[in-house]
2 protein chains.
Amino acid sequence: MDKIKILVADDHQVIIDGLEAIISTTEHLEFIGGASNGKEVISKVESQPVDLILMDINMPEMDGLECTAYLSKNYPNIRVIALSMHDNPRLAKRMIKNGAFGFLLKNSSKANILTAISEVMQGRNFFDPMLMSTFFDADNKKSSSSFSKKDLLTKREIQIIQLICQEKTTAEIADELSISTHTVESHRGNIMLKLELKNSVGLVKWAIQNEVIEL
Amino acid sequence: MDKIKILVADDHQVIIDGLEAIISTTEHLEFIGGASNGKEVISKVESQPVDLILMDINMPEMDGLECTAYLSKNYPNIRVIALSMHDNPRLAKRMIKNGAFGFLLKNSSKANILTAISEVMQGRNFFDPMLMSTFFDADNKKSSSSFSKKDLLTKREIQIIQLICQEKTTAEIADELSISTHTVESHRGNIMLKLELKNSVGLVKWAIQNEVIEL
DNA sequence: CTTCGTCTAGCGGAAAACCACTAGTTTTTT
DNA sequence: AAAAAACTAGTGGTTTTCCGCTAGACGAAG
C-alpha cells in the first residue's frame, strides 16, 4: 500500500510544523507540504496528487469552508479533515456539510489525529471526542444551569409567545384565549420589554433557542 | 490504583458475557456482575461498591433511562455509560441528560469500549464515533433530500431573508443594500408568495429549518 | 391587611409590515 | 437576438405590530 499523501493547511506555521512532525514520524503517512490559505491549497492539489488534507477553518484569502466545498466538488477523492481551535458544533456541522470527513481540535492528542486519519481514509467519519462533549453540553447547560430570562416570564406570557410563534395575529390570539386584543398586546409588550427584543422576529429566535417552542 | 469495579446491565445474557470477557481480560478493570434490568442494578449497587455501569437502555421492569436518573441522584459517584443497539441521537441526549457520562453502540470495537471506560472514569464524556456520524447525517439528509422551496428563491431573496432574520426593518435593509424600501418590500412580498407564508414569524422558522440562517 | 405580581383592559398614535398592482432595467438563458 | 428571470421602483391602501401610559380585579405572600 502506498503512503497516504497529506497536505496541511493553516495560516500558522507552527501548526503546520507540528503536524508535519507527527505525520513524518508515522509509517504509511507522507507529509507533502503546507498551505497558508485556501487558494494555496487549490494550487497545490492541481500540481500534485493529494490523498488527504488537514484543513484549518479560519484562514485568510479563502477559508476552510469555502475551500472544502470547492474540493468536494472538483476533487471528490481528496479527503478533508477540518481543524479548529474552537469546539463549535455549528462550525463542525458546516464543515461536514461542505464535504469534510472529520473534525479535529487543534489541541487533540497525537493518537486522536492518527486515528482520525486512518478512519477517514477508510471512508468513515471521525469527530474529536471533545467536540462530542460540547455537543451535548450545549443543550444541557441552557436547560439547567445559569439564569435565563425565561424565568422572568409568566405562564400566560409563555403561552402568548407560543401562539405568536404559530404565526397567529393578535386578534386570533385574543379570540383563542377569549381575552381582548388589548390584553394580548399588553402581554406582548411586556414580553418584548423583559426579553429586550426589537420585534417578533427576535422573539421567534429567542423562543427556539430557549426551547419555548419546537421548530 | 484500585481496579475499576464494573457492573453490566443488559437483558441479553450474551451481551453481558461478551463485555465480561473484554473487562476481565483487561488490566485495572474488574467485572463484578451483571443485571438484567434497572431494579437489579439498584439492588446490586446497594450491596456492594460499584465504580462504573455499562447500562443498556432498553430493559424490562426499569429501563436504562429511569435507572440512570435514579443513580445520578442517589449515587452520583457511580459513572454510567449508556449502551444501545441503535444510533439514535435523541435517545443519547436523553441518557446524557439523565446523568450518563458516555454513549456506546453495542457493535462498538473493544478499543472503543476501553477508551470509553477510561475517559469516563477520568470525568470526561465519551461518545461513540458512529453516533457522531448519524448526528450530522440526520441534519444533512433533511436539507439535501427531495425538492426544497429554497430552490425557488433567488440570491437576492435569500439575502433579504437573512437581513429580515437579523431583526432589521425594511428601511434598514434598503439602506444596507442601497436600494429603495419599495424594492425590499417587493422582494419580501415575492418571498412570502413563493414560500406560502403568512408573516415574518413564519419566515424566520422557515429560514432556520432550511438553514438559510444560523440560530 | 397591605403589598406585590399577574392578568386583565383600555386609549392614542407611530412605525412597520403586508397586499395588489404596474412597470422599467439588467442579467441570464435559450 | 429574443425570451425569461431577476432586480429594481413606484402608488396607494390595509392590517398588524409596536410603544407609552393608565388602571381595575384578583390571588398569594408578607
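A note on names: the letters A, B, ... follow the listed sequences, proteins ahead of strands, and every chain is numbered from 1. FYI, side chains are in, hydrogens and waters are out, and symmetry mates aren't considered; it's all heavy atoms of this structure.
- Following rounding to the nearest Å, B:Leu163 (CG) and D:dC7 (P) show an atom-to-atom distance of 14 Å.
- Put simply, the side chain of A:Asn210 never gets that close to the backbone of A:Val212: no donor and acceptor are under 3.5 Å apart.
- With hydrogens and angles disregarded, no donor-acceptor distance shorter than 3.5 Å links the side chain of A:Glu119 to the backbone of A:Ala116.
- In this entry the distance linking CD1 of B:Ile191 with C1' of C:dC18 reads 13 Å, nearest Å.
- Residue contacts for A:Thr181: at a heavy-atom cut-off of 4.0 Å it reaches no nucleic acid atom on any strand shown.
- B:Glu167 places its CD atom 16 Å from the P atom of D:dT17, with the value rounded to the nearest Å.
- Considering A:Arg188, A:His182, A:His187 in turn, A:Arg188 is the only one that fulfils the side-chain hydrogen bond (donor to acceptor under 3.5 Å, both in side chains) rule with A:Thr170.
- Proximity of a side-chain donor or acceptor of B:Lys205 to a complementary backbone N or O of A:Ile208 within less than 3.5 Å is not detected.
- A sub-4.0 Å separation between OP1 or OP2 of D:dT8 and a side-chain N or O of B:Arg156 is present.
- Five base pairs at each end of the helix from C:dC1-D:dG30 to C:dT30-D:dA1 define two local axes, and these are offset by 50° (rounded to 10°).
- We find that CD of A:Glu157 is positioned 8 Å from C1' of C:dT6, with the value rounded to whole Å.
- Taking the side chain of B:Thr183 as heavy atoms from C-beta on, and the options C:dA9, D:dC19, D:dT8, the nearest nucleotide is D:dT8.
- Put simply, CD1 on B:Ile179 is 5 Å from P on D:dT8, counting in whole angstrom units.
- Nearest nucleotide to the B:Met192 side chain, out of C:dC18, D:dC19, C:dC7: C:dC18.
- For A:Ser186, no side-chain nitrogen or oxygen approaches OP1 or OP2 of C:dC7 to under 4.0 Å.
- You'll find the side chain of A:Ile53 stays beyond 4.5 Å of the side chain of A:Lys44, heavy atoms only.
- Distance from the side chain of B:Arg188 is smallest to C:dA17 among C:dA17, C:dC11, D:dG10.
- The phosphate of C:dC18 (OP1 or OP2) has a side-chain N or O of B:Ser200 nearer than 4.0 angstrom.
- Annotation: of the two residues near DNA chain D, A:Thr169 and B:Lys194, the 5′-most nearest-nucleotide partner is B:Lys194.
- A:Ser24 contributes no side-chain N or O that, together with a main-chain N or O of A:Ala21, makes up a donor-acceptor pair within less than 3.5 Å.
- Computed from coordinates, the B:Leu203 CG to C:dA17 P distance equals 11 Å when rounded to whole Å.
- Rounding to whole angstrom units, NE2 of residue A:His182 and P of C:dC11 are separated by 5 Å.
- Side chain of A:His187, nearest nucleotide from C:dC7, D:dG10, C:dA16: C:dC7.
- The distance between atom CD of B:Gln159 and atom C1' of D:dC7, rounded to the nearest whole Å, is 12 Å.
- Looking at the side chain of A:Asn199, the nearest of the listed nucleotides D:dT8, D:dC18, C:dA9 is D:dC18.
- Shown here is A:Lys39, whose NZ atom has no more than 12 heavy atoms of other residues, nucleotides or ligands within 6.0 Å.
- Among the heavy atoms of the strands, none lies under 4.0 Å from B:Asn190.
- With C:dA17, D:dC7, D:dA9 as the candidates, the nucleotide lying closest to the side chain of B:Lys155 is D:dC7.
- Contact annotation: A:Ser180 reaches the phosphate of C:dG10 (side-chain N/O to OP1 or OP2, under 4.0 Å).
- Counted within 6.0 Å of CD on B:Gln48, heavy atoms from surrounding residues, nucleotides or ligands total more than 12; the atom is thus considered enclosed.
- Between A:Thr170 and D:dT17 there is a side-chain N or O to OP1 or OP2 distance below 4.0 Å.
- Residue A:Glu185 places its side chain closer to D:dT17 than to any other of C:dC18, D:dT17, D:dT11.
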